[in-house]
Protein chains: 2
Amino acid sequence: MAKRDTKSRILDTAERLFARSGFDAVSLRNIIAAAKVNLAAVHYHFGSKQALVHAVIARRLRPINEERLAKLAEARAKAGRRPLQLEHVLDCLFRPLFRVQADPKAGPTFGRLVGRVMGERNVGLHKFMMSELAEVIIQFRTAFEAALPGLPREEADWRSHFMAGAMAHTLCNADLLARFTGTDADASDYESTVRRLIDFTAAGFRARVSPPPKNARAKRKPKRT
Amino acid sequence: MAKRDTKSRILDTAERLFARSGFDAVSLRNIIAAAKVNLAAVHYHFGSKQALVHAVIARRLRPINEERLAKLAEARAKAGRRPLQLEHVLDCLFRPLFRVQADPKAGPTFGRLVGRVMGERNVGLHKFMMSELAEVIIQFRTAFEAALPGLPREEADWRSHFMAGAMAHTLCNADLLARFTGTDADASDYESTVRRLIDFTAAGFRARVSPPPKNARAKRKPKRT
DNA sequence: ATTTAATTCAAACGACTGTTTGAAACAGGC
DNA sequence: GCCTGTTTCAAACAGTCGTTTGAATTAAAT
């Protein structure tokens, strides 16, 4: 069987190092040194560093997204005609993602990795990520609208944006909280994290839309000379 | 006076390029080519690339943090004995930061830059950022506690964390919203952004703390359905 | 005008990057 | 045994990176 596990070793090691230091900061030589494989093996099995990055992400993100969609569909079926509750929709979105942090095989590394991607400016990586998330975005957008009757679509989109930020930042810096505040941010206790995140974002989604300030400039464009 | 503006040209150009592509992705040679200065000028004026990054951040972040603290102190003085309202505290935190996006001199570039830093894994940069934000964190943490009587400190810290994520993500990807949803995310209309962010995060802070699920590991739990 | 200090410049430094190459080591089928 | 296709390996490729150097240029001071 020789070293048939070379591909997996590269994936595992790359995931760990990428999560710790970011995609650009980790070189292929760092990876192959830690994984104890040959440098050319990366290009043999994956083709390029970019493709390796995509493989690392897709390996774990694809099952997560499938589970998200499955749980959402199941919840929808169980609700029947009644509208789906916002908290349930959020649970379908958060839980599959945060559960991998408790998975001893993946550890907390992959969570940070996903959180990191959202802040990436790499155009190719961003497009890849968006194509992976496309169906999830579509399905959950309509689910949010259904769970939030009366909320203008523009406000719903902004609040989805805020929610995504809270989620990503929590994933990426889960350890920060423990370090700075002394709070016990035990990664294995992902149930509490999900609950807290749902409490916060559900209330944010349901917030009353406050009127714009009176002295704000109206929508008309001030004509400049 | 020769080219006394070399230092400023480097700062401005570096800020623009860093915001567009990130700190690691932009090389000193990219900067000096765009700024039309000599390569060694960077090390002459700043000492190293790391120091340049710090200078770019500190130049705009320091006044912002001073304004944050000043506005908070002013609001506290004006409130007298009465407790400060949560929305006012959030306004003191968000407005000075988002206002620079409307500043034609800084443009929307710096906002993205600050948003990016929060997702950075560079240890040195992270420590620098935290030392810059230390006083702001301390002051606003106590302000949040005062505005949220009864909320356990642990929950308050988690929610501050979520809020920071929403804020950073909004700064970093303000343009994304417009691109993907068709919503008009006009950067000049920072008033609306601040209002929306306050609506969302204030409601999140005030959310009822839901009890942990029944089959979770025992701790302490009121019973509720 | 001469001296002194501050700034700019072209060129090079060593180290590191992702990628390619061509030969060696291995696998299973016959 | 030989053969065929897959996988591993050491070495080199062509760039780019941040940083340094020492001389040339400019500004200010005497």
Side-chain angles (χ1 to χ4, degrees), chain A residues 1-58 113 116-117 120-128, chain B residues 1-58 113 116-117 120-128:
Chain A
M1 67 171 230
K3 291 185 163 183
R4 188 61 192 80
D5 53 347
T6 300
K7 200 167 174 177
S8 311
R9 292 245 301 285
I10 295 175
L11 275 175
D12 291 337
T13 312
E15 179 181 73
R16 203 180 71 232
L17 299 187
F18 283 156
R20 182 195 297 161
S21 312
F23 299 109
D24 292 331
V26 175
S27 71
L28 292 182
R29 285 174 175 82
N30 296 143
I31 296 171
I32 61 107
K36 291 207 255 287
V37 301
N38 188 269
L39 176 57
V42 174
H43 293 88
Y44 176 79
H45 287 288
F46 298 96
S48 68
K49 184 183 180 179
Q50 177 96 316
L52 171 63
V53 171
H54 291 186
V56 167
I57 296 174
L113 199 148
R116 176 91 29 79
V117 176
E120 274 284 337
R121 211 60 190 173
N122 181 320
V123 182
L125 183 56
H126 197 268
K127 294 205 168 182
F128 169 78
Chain B
M1 65 178 265
K3 291 184 163 183
R4 187 63 190 77
D5 55 346
T6 298
K7 200 168 173 177
S8 310
R9 292 246 299 286
I10 295 175
L11 275 175
D12 291 337
T13 311
E15 179 180 73
R16 204 180 69 233
L17 299 188
F18 284 156
R20 182 195 299 161
S21 312
F23 298 109
D24 292 331
V26 175
S27 72
L28 292 181
R29 285 174 175 82
N30 295 144
I31 297 171
I32 63 105
K36 290 207 257 285
V37 300
N38 188 272
L39 175 58
V42 174
H43 292 87
Y44 177 78
H45 287 287
F46 298 95
S48 68
K49 184 183 181 179
Q50 176 97 314
L52 171 63
V53 170
H54 292 186
V56 167
I57 296 173
L113 199 148
R116 177 90 30 78
V117 176
E120 275 284 338
R121 211 62 192 172
N122 181 319
V123 182
L125 183 56
H126 197 267
K127 293 205 168 183
F128 169 77

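We name chains A, B, ... by the order of the sequence lines, and we start the count at 1 in each one.
- Considering only heavy atoms from C-beta on, B/L52 comes within 4.5 Å of B/I31 through its side chain.
- For the pair B/S27 and D/dC17, the criterion of a side-chain N or O lying under 4.0 Å from OP1 or OP2 is met.
- Summarising the geometry, the separation between NE2 on A/H43 and P on C/dT17 is reported as 13 Å, rounded to the nearest angstrom.
- Going from atom CD of A/Q50 over to atom P of C/dT19 covers 9 Å, rounded to whole Å.
- Atom pair A/F46:CZ and C/dT19:C1' shows a separation of 16 Å (rounding to whole Å applied).
- One atom, CG of A/L39, and another, C1' of D/dC13, lie 12 Å apart when rounded to the nearest Å.
- Summarising the geometry, the separation between NZ on B/K36 and P on C/dT7 is reported as 22 Å, rounded to the nearest angstrom.
- The OH atom of B/Y44 sits 16 Å away from the P atom of D/dT26 (whole-angstrom rounding).
- Rounded to an integer number of Å, the gap from CG of B/L52 to C1' of D/dG18 is 12 Å.
- Judged by distance alone, the side chain of A/K49 and the main-chain N or O of A/F23 form a donor-acceptor pair under 3.5 Å.
- Both A/A40 and A/L28 lie close to DNA chain C; mapped to their nearest nucleotides by heavy-atom distance, the more 5′-ward contact belongs to A/L28.
- At D/dA10, one or more side-chain N or O atoms of A/N38 fall inside 4.0 Å of OP1 or OP2 (strictly under the cut-off).
- No donor-acceptor distance shorter than 3.5 angstrom exists from the side chain of B/D12 to the backbone of B/R9, with no hydrogens or angles considered.
- Two residues are said to be in side-chain contact when any heavy atoms from C-beta on lie closer than 4.5 Å; B/F46 and B/K7 meet this criterion.
- The shortest distance between the side-chain N/O atoms of A/T6 and the OP1/OP2 oxygens of D/dT7 is not below 4.0 Å.
- Atom pair A/D24:CG and C/dC16:C1' shows a separation of 14 Å (rounding to whole Å applied).
- Place A/R29 and A/A41 on DNA chain D by their nearest nucleotides, and A/A41 ends up nearer the 5' end.
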